Amino acid sequence: MALLRSLAVAAPLLVASHAQAPTFAGGTPTGSSPFARPTDLNAIPVSANASGAGGPLLQSFVSYSIEFAFFPDYAGNASYPNLFSNNLLESISAFSGTKPYIRVGGNTQDYALYDASLSVATNGTYIPSISKDYPLILSIGPSFFESYSTWPNTKFIHGFNLAKNTTDDRVKLLDTVPLVCKALGGGKLLYWELGNEPDLYKTSAQGRVRPPTWTESDYVSEWIDVTGKIGVSMAKSCTNMTRSYAYQYIAPSFAGTNNSLKPLTTWKDNLNAANYIALFSSHNYIGGATQPGVTLQGTLMNHASTVASVSKQIDTANALAQAGMTIPYILGETNSLYNEGAPGLSNAFGAALWGVDFNLYCAATGIKRVHMHQGTNYRYASWQPVDTPTTTKGTKPPFYGNIAVAAALGDLTVDKVQVEHLPLPDNTEAAYAIYANNSLARVMVINMAEYNYSAATVDSRPDVTYNFTVPTSCAGVGVVQRLIANGSDAITGVTFNGRSYNYELDLGKPRLLGNVTKDDITWVGEDGIFAVKVPYSSAALVQLSC
Ligand SMILES: *[C@@H]1O[C@H](CO)[C@@H](O)[C@H](O)[C@H]1NC(C)=O
Ligand SMILES: *[C@@H]1O[C@H](CO)[C@@H](O)[C@H](O)[C@H]1NC(C)=O
Ligand SMILES: *[C@@H]1O[C@H](CO)[C@@H](O)[C@H](O)[C@H]1NC(C)=O
Ligand SMILES: *[C@@H]1O[C@H](CO)[C@@H](O)[C@H](O)[C@H]1NC(C)=O
Ligand SMILES: *[C@@H]1O[C@H](CO)[C@@H](O)[C@H](O)[C@H]1NC(C)=O
Ligand SMILES: *[C@@H]1O[C@H](CO)[C@@H](O)[C@H](O)[C@H]1NC(C)=O
Ligand SMILES: *[C@@H]1O[C@H](CO)[C@@H](O)[C@H](O)[C@H]1NC(C)=O
Ligand SMILES: *[C@@H]1O[C@H](CO)[C@@H](O)[C@H](O)[C@H]1NC(C)=O
Ligand SMILES: *[C@@H]1O[C@H](CO)[C@@H](O)[C@H](O)[C@H]1NC(C)=O
Ligand SMILES: *[C@@H]1O[C@H](CO)[C@@H](O)[C@H](O)[C@H]1NC(C)=O
Ligand SMILES: *[C@@H]1O[C@H](CO)[C@@H](O)[C@H](O)[C@H]1NC(C)=O
């Protein structure tokens, strides 16, 4: 450490003579010293402790939600497990300490009906006039539940159907209980869920399933009635899973914070009367895929738009807390643009940068876990699990954003991790401080100024040098790990810290590329100041030793 500090002190002029700076250990020293300091640093102050940060995050903060009908594509089955998906989940686990938690749900959770005679996992019928993206008529067979066995050390939330409520449909629902509780034995169960986005049941564009007179208290009565019936059935087939510590749900899984059922009214109407609810789950989208005026720069690579969107959740969480709710608030389903994302936006590298800003902003404001929603052929998916006529099997840019978030947070099973939002002047940039056990561990800087590399005529990618003041105990070496691609419009060639997770290289396992920098060095001066150069449309994670 003494050696590294003296090197830091010996580098006082490097900022001023950046172009001539010698390289050291594969990186360019851009650090500083207590003397010869330029005066235009605008250094961003970073606290020594987490007193300004959001509360500690839950394990597996980086989690996924997988559209019910496509879960067999993502996970495979007992004969053909999807190893590619598993490799990607393992790559997140290498940072987080646990694999992402998988919620199996979404719109098709509320269409799915059990058919004991179906010889395949799913039989879906599309009605293209309503949605080209997922089946509106869906049966699942016994082999659907095999998909819960393919990924080792993975915990799941299984979504039960609440929308379909004829007597016959309810019988089919209860018929799945023994199958799914056995499939999720042996520690695979995280929680249950009943119903997807019931706040849209009486207004949904995909078909209304409740009358206009249906209220929060009607929903609460149904939810309590059906969770009770599921519990009675489960007590027969999987007795120990209905002990109070084990029989737990996420709810209410509303699409928004101000739709036709309101979260606060629902809670006050005593949704948690039976004390089954472990986490308050809400859904969030920044905008719509076909909404007029939606752009990469204006909608996704835009910190103000992320702040405005997440603020609705935070206001709701605060109102619930004031009403006495004490359970953690999570996003059980979220992504960039609803209706499965827009091509050229949600699948572009710019959306990966959005994902980093969005997830860290959630972490900084008290949202304890975020499940990014996935589906086969969905434009915003982190990965495509199988080849289809429209989409090639592969790792997509948003996955690299998920990896960068996991790297920023570190091992949530060892450290108490908290995130603080560091305000920056422009909406095209964002920065966060990450604390482990109340001590500064990392800083993430995201530059979201659009650099459209297809449109660039010369190689002229601008960059911004960000300066930070961290505690003097951090003096010495900082290690810079970059999330980068050729530009915000890139749909391939993305790396995090010099590694690719692409399917075609090593089935989604990390592969170090020789042609991208990794672990650059920046010097943290004795006065705690460091600089990091961030190209437009890229992010830099600075690992500190404080
Ligand atoms: C960081 O400091 C350098 C001087 O070393 C300055 O040129 C640059 O503008 C500063 N960055 C910001 C974002 O102000
Ligand atoms: C946390 O750091 C701030 C300065 O950033 C300081 O004012 C405060 O006293 C510290 N709190 C604790 C508990 O150390
Ligand atoms: C298991 O997956 C394979 C490959 O996708 C598929 O051909 C087979 O039909 C599936 N088995 C069942 C029982 O669904
Ligand atoms: C699949 O569902 C359609 C109706 O949506 C039905 O006509 C067809 O027979 C079903 N296939 C199987 C194998 O059950
Ligand atoms: C299904 O929901 C409708 C609308 O809320 C209600 O009128 C009907 O009684 C419900 N059916 C059953 C079997 O619960
Ligand atoms: C219930 O018992 C089964 C079989 O012993 C075990 O695999 C499972 O983990 C237990 N579940 C709970 C929630 O205790
Ligand atoms: C909720 O929506 C209603 C219109 O349906 C609107 O009047 C109200 O201002 C909204 N509340 C919030 C907090 O956005
Ligand atoms: C945080 O605290 C835990 C439990 O005391 C410990 O195991 C871990 O090493 C600590 N992490 C750091 C970065 O100090
Ligand atoms: C990037 O530039 C290309 C070529 O000009 C254009 O077709 C594309 O729409 C641009 N992408 C975005 C996201 O603006
Ligand atoms: C990225 O840019 C480099 C250098 O111009 C080029 O060789 C490479 O093919 C580009 N990669 C992608 C995925 O466009
Ligand atoms: C780096 O190497 C990979 C794999 O060989 C290649 O696909 C990619 O285009 C290269 N990237 C750049 C920026 O040249």
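It should be emphasised that the depicted structure is a prediction, and the values quoted were computed from it without experimental measurement. For ligands, and for the atoms within them, numbers begin at 1 and follow the listed sequence.
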For this session: Run the salt-bridge test on R170 and E222 with the 4.0 Å N-O cut-off and return the result as yes or no.
Result: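 Here R170 pairs with E222 in a salt bridge, since their nearest N and O are under 4.0 Å apart.
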Problem set entry | Salt bridge D133-R379, side-chain N to carboxylate O under 4.0 Å |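 Result for this pair is yes, salt bridge flagged.
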[atom] [closest protein heavy-atom partner, distance rounded to 0.1 Å]:
{"atom": "atom 5 (O) of ligand 9", "value": "A455 CB, 3.6 Å"}
{"atom": "atom 6 (C) of ligand 4", "value": "N123 ND2, 4.2 Å"}
{"atom": "atom 13 (C) of ligand 4", "value": "L118 CD1, 4.0 Å"}
{"atom": "atom 11 (N) of ligand 3", "value": "N77 ND2, 2.8 Å"}
{"atom": "atom 14 (O) of ligand 3", "value": "S143 OG, 3.4 Å"}

For this session: Mark up the atoms of ligand 9 that fall under 4.0 Å of a heavy atom belonging to E450, in ascending order.
Result: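 Here the atoms of ligand 9 in question are 12 (C), 13 (C), 14 (O).
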Exercise. If only atom types and distance count, is the side chain of T334 paired as donor or acceptor with the main-chain N or O of L331 below 3.5 Å?
Worked result: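 Not a single qualifying donor-acceptor pair exists.
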For this session: For N452 and S454, indicate whether the former's side chain and the latter's backbone hold a donor-acceptor pair under 3.5 Å.
Result: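 Yes, because the side chain of N452 sits within donor-acceptor range (under 3.5 Å) of the backbone of S454.
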For this session: Going by heavy-atom distance to atom 3 (C) of ligand 9, choose the closest among N452, L296, L345, L300.
Result: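 Going through N452, L296, L345, L300 one by one, N452 has the nearest heavy atom to atom 3 (C) of ligand 9.
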Exercise. Measuring to protein heavy atoms, does anything land under 4.0 Å from atom 9 (O) of ligand 9?
Worked result: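 Protein heavy atom within 4.0 Å of atom 9 (O) of ligand 9: absent.
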Exercise. Between Y501, Y503, Y64, which is the residue that forms a ring pair (Phe, Tyr, Trp, His ring centres under 6.0 Å) with W383?
Worked result: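 When Y501, Y503, Y64 are each tested with W383, the ring pair (Phe, Tyr, Trp, His ring centres under 6.0 Å) holds only for Y64.
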Problem set entry | T125, any N or O under 3.5 Å of ligand 4 N or O |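 Right, the criterion is met.
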Problem set entry | Atom indices of ligand 3 within 4.0 angstrom of S119 heavy atoms, with elements |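 Contacts of ligand 3 toward S119, numbered from 1: 13 (C).
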For this session: Taking all non-hydrogen atoms of both residues into account, name the closest pair between I102 and I66 and its distance.
Result: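 Scanning both residues, the minimum pair turns out to be CG2-CD1, 3.7 Å.
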Problem set entry | Y466 vs E429, side chain to side chain donor-acceptor pair (under 3.5 Å): CA-CA, chis, key distance, verdict | CA-CA 10 Å; Y466 293 93; E429 51 194 10; 2.7 Å; yes
Exercise. Does Y191 have its ring centroid less than 6.0 Å away from the ring centroid of H158?
Worked result: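 Judged by ring-centre distance (under 6.0 Å), Y191 and H158 do not meet the cut-off.
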Exercise. Any heavy atom of A121 sitting closer than 4.0 Å to ligand 3?
Worked result: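 Within the 4.0 Å threshold, so yes.
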